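Only one structure is covered here, and it is reproduced in the block below.
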Amino acid sequence: MTPVTTFADKTVALFGLGGSGLATALALQAGGAGVVACDDDPACMANAAGKGIETGDLRTADWSRFSALILSPGVPLTHPEPHWSATLAQDAGVEVIGDIELFCRERAKIAPDAPFVAITGTNGKSTTTALIAHILREAGKDVQMGGNIGTAILSLEPPGPNRIHVIECSSFQIDLAPSLKPTIGVLLNISPDHLDRHGTMANYAAIKERLVAGAKVALVGVDDDLTHEIGRRLTERGGEIFPVSGCRELDWGYFVLDQKVLAKGHNEALVDAEVLAHLGRISSLRGAHNAQNAAFACAAAWHCWVEPEVIQSAITSFPGLPHRMEEVGRRGRVIFVNDSKATNADSTDKALASFDRMFWILGGKAKEGGIAPLTPYFPKVEKAYLIGQAAEDFAATLDGTVPFVRCGALDRAVAEAAADAARSDAPEPVVLLSPACASYDQYPNFEVRGDHFRDLVRALPGVEMNQRA
Ligand code: ADP
């Protein structure tokens, strides 16, 4: 845990008692602050009280006692409208901040030079964060990884000169962290997302920009217009701004060319560029989107003084993240891929782009737009296996172009897809769960759906499971 001492002997209000809220309350208390914690859900309040956290009704509290409101990132700060606790705080002139801000202030106080890598972007945050942490650990460094991925930031060990914090930051977390100044800031990409919570695209992009604007070294994507523009603006302002591309050669910076991640200096010839890693045949980093993630991760590791040989060997041993194009097992030539995290067509697009011949399991609770945007990939799909509520909608889109079968549930879909794939003459047929749908009609969440897929694959006779699955 990182005790938060910057509010010692003061009292703060805290709203939102999910995982990170609880961790934050405990870290504040451990650092000597008084906390009055609140949540709309009485069960969360009772759970917090059971952990020794003081709870209270912030609606009726005297806000003049509070030095800050610590808000959970899941609670609206501005859109669609400010949460009532944020309004009460603002009316009382009390600052509203989040757990990343508490970490930043603590770092500034106890170890201002402690290395801190912060990662944001619309897509690929978790993969890139996990890959950076993996490379740094393989390089023998003391790494603390968390934030929006896994462990809440204040549950991690405190910052120190020889310890690197690798922190995934959502836009909500950045919005609540006005003094975010990482040693290395990573901005992967920006596309429309969470506009209900950020109002406009311009506002959403401006929040993401703050993470790199405050960084000592900024690694900024150039593969979409918004990040490209941010990089241009920051470069004009001056500072260490490095462009990164997952798909094209740049005059200088970090980019992927012929499956190699290159670091090229200003005015350096391409042949002299440093090869940080070869990405070919690395099953945990398939696809153009992962090339982008890998380019950033290699660049971040390079700026942490990791040698290319170490980067290469770490990239090769990267296990990938569960439920994201995760190769769970193999039977003969057939591979089984769990992409349960793909809850919309945009994510499934990445999987369909990454394989050649697919037996595609899809369906669940449909999102707006359905699978029509995926039609360019239909020629690569040998057959589709429909599950869940979306089956009829998807059947209508596939009809006439892709053979399909309505399977209802995942068990039948896996059995039929596995049998069909075994008869395929493709060099490497893929049984792919990439549902393009939320899971809530049949599962509590995408993780449970992906775990079920993995269990069904494991139960097939003759399957060799990936050791990590
Ligand atoms: P995040 O943490 O930002 O949600 P993840 O690393 O968990 O991202 O990946 C989630 C999904 O987003 C992946 O399954 C893939 O479909 C897609 N994705 C991953 N990386 C990228 C990227 N660099 N660009 C676009 N889409 C990506």
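The basis for the numbers below is simple: all heavy atoms, side chains too, and nothing from hydrogens, waters or symmetry mates. Just so it is clear, the model here is predicted, and its values are computed rather than measured. Quick note: residue numbers are just sequence positions, from 1. As the structure lists them, so they are numbered: ligands from 1, and atoms in each ligand from 1.
Annotation for ligand 1: atoms under 4.0 Å from non-hydrogen atoms of Asn189 are 22 (C), 23 (N), 24 (N). Residue Thr122 has at least one heavy-atom neighbour below 4.0 Å for each of these atoms of ligand 1: 3 (O). Per-residue contacts place Thr127 under 4.0 angstrom from the following atoms of ligand 1 (heavy atoms of the residue considered): 5 (P), 6 (O).
Nearest-residue assignment for atom 8 (O) of ligand 1 (options Gly124, Pro322, Gly221; heavy-atom criterion): Gly124. Distances from atom 12 (O) of ligand 1 to the heavy atoms of Leu285, Asp349, Asn123 put Asn123 nearest. Looking at Asn293, Thr129, Ile119 and measuring to atom 23 (N) of ligand 1, the nearest heavy atom belongs to Asn293.
Ser434 contributes no side-chain N or O that, together with a main-chain N or O of Ala351, makes up a donor-acceptor pair within less than 3.5 Å. With hydrogens and angles disregarded, a donor-acceptor distance shorter than 3.5 Å links the side chain of Thr200 to the backbone of Asn203. Arg454 places no side-chain N or O within 3.5 Å of a backbone atom of His323 that could act as its donor or acceptor partner. With Arg333 contributing its side chain and Ala426 its backbone, the two residues share a donor-acceptor pair below 3.5 Å.
The shortest N or O to N or O distance between Arg324 and ligand 1 is under 3.5 Å.
Atom 15 (C) of ligand 1 has as its closest protein heavy atom His289 CD2, 3.9 Å. For atom 4 (O) of ligand 1, the closest non-hydrogen atom on the protein side is Lys341 NZ, 3.0 Å. Atom 11 (C) of ligand 1 has as its closest protein heavy atom Ser347 OG, 4.0 Å.
Between Arg330 and Glu428, at least one side-chain N (NZ, or NE/NH1/NH2) sits under 4.0 Å from a carboxylate O, which counts as a salt bridge. Looking at Arg163 and Asp142, a side-chain N of the basic residue comes within less than 4.0 Å of a carboxylate O on the acidic one, giving a salt bridge.
At a heavy-atom distance under 4.0 Å, only side-chain atoms of Lys350, from C-beta outward, approach ligand 1. Of all the heavy atoms of Gln292, the ones lying under 4.0 Å from any atom of ligand 1 belong exclusively to the side chain.
In this structure, the side chains of Leu433 and Asn338 come closer than 4.5 Å at one or more pairs of heavy atoms.
Contact annotation: Leu188 has no heavy atom less than 4.0 Å from any atom of ligand 1. Residue Glu168 places a heavy atom less than 4.0 Å from ligand 1. Ligand 1 has no atom lying under 4.0 Å from any heavy atom of Ile149.
There is no side-chain donor-acceptor pair under 3.5 Å between Ser340 and Glu447.
Ring geometry for Phe103 against Phe116 counts as perpendicular: the plane angle is over 60°, on a 0 to 90° scale with 30° as the lower cut. Using cut-offs of 30° and 60° for the angle between ring planes, the His83 and Phe15 rings count as tilted.
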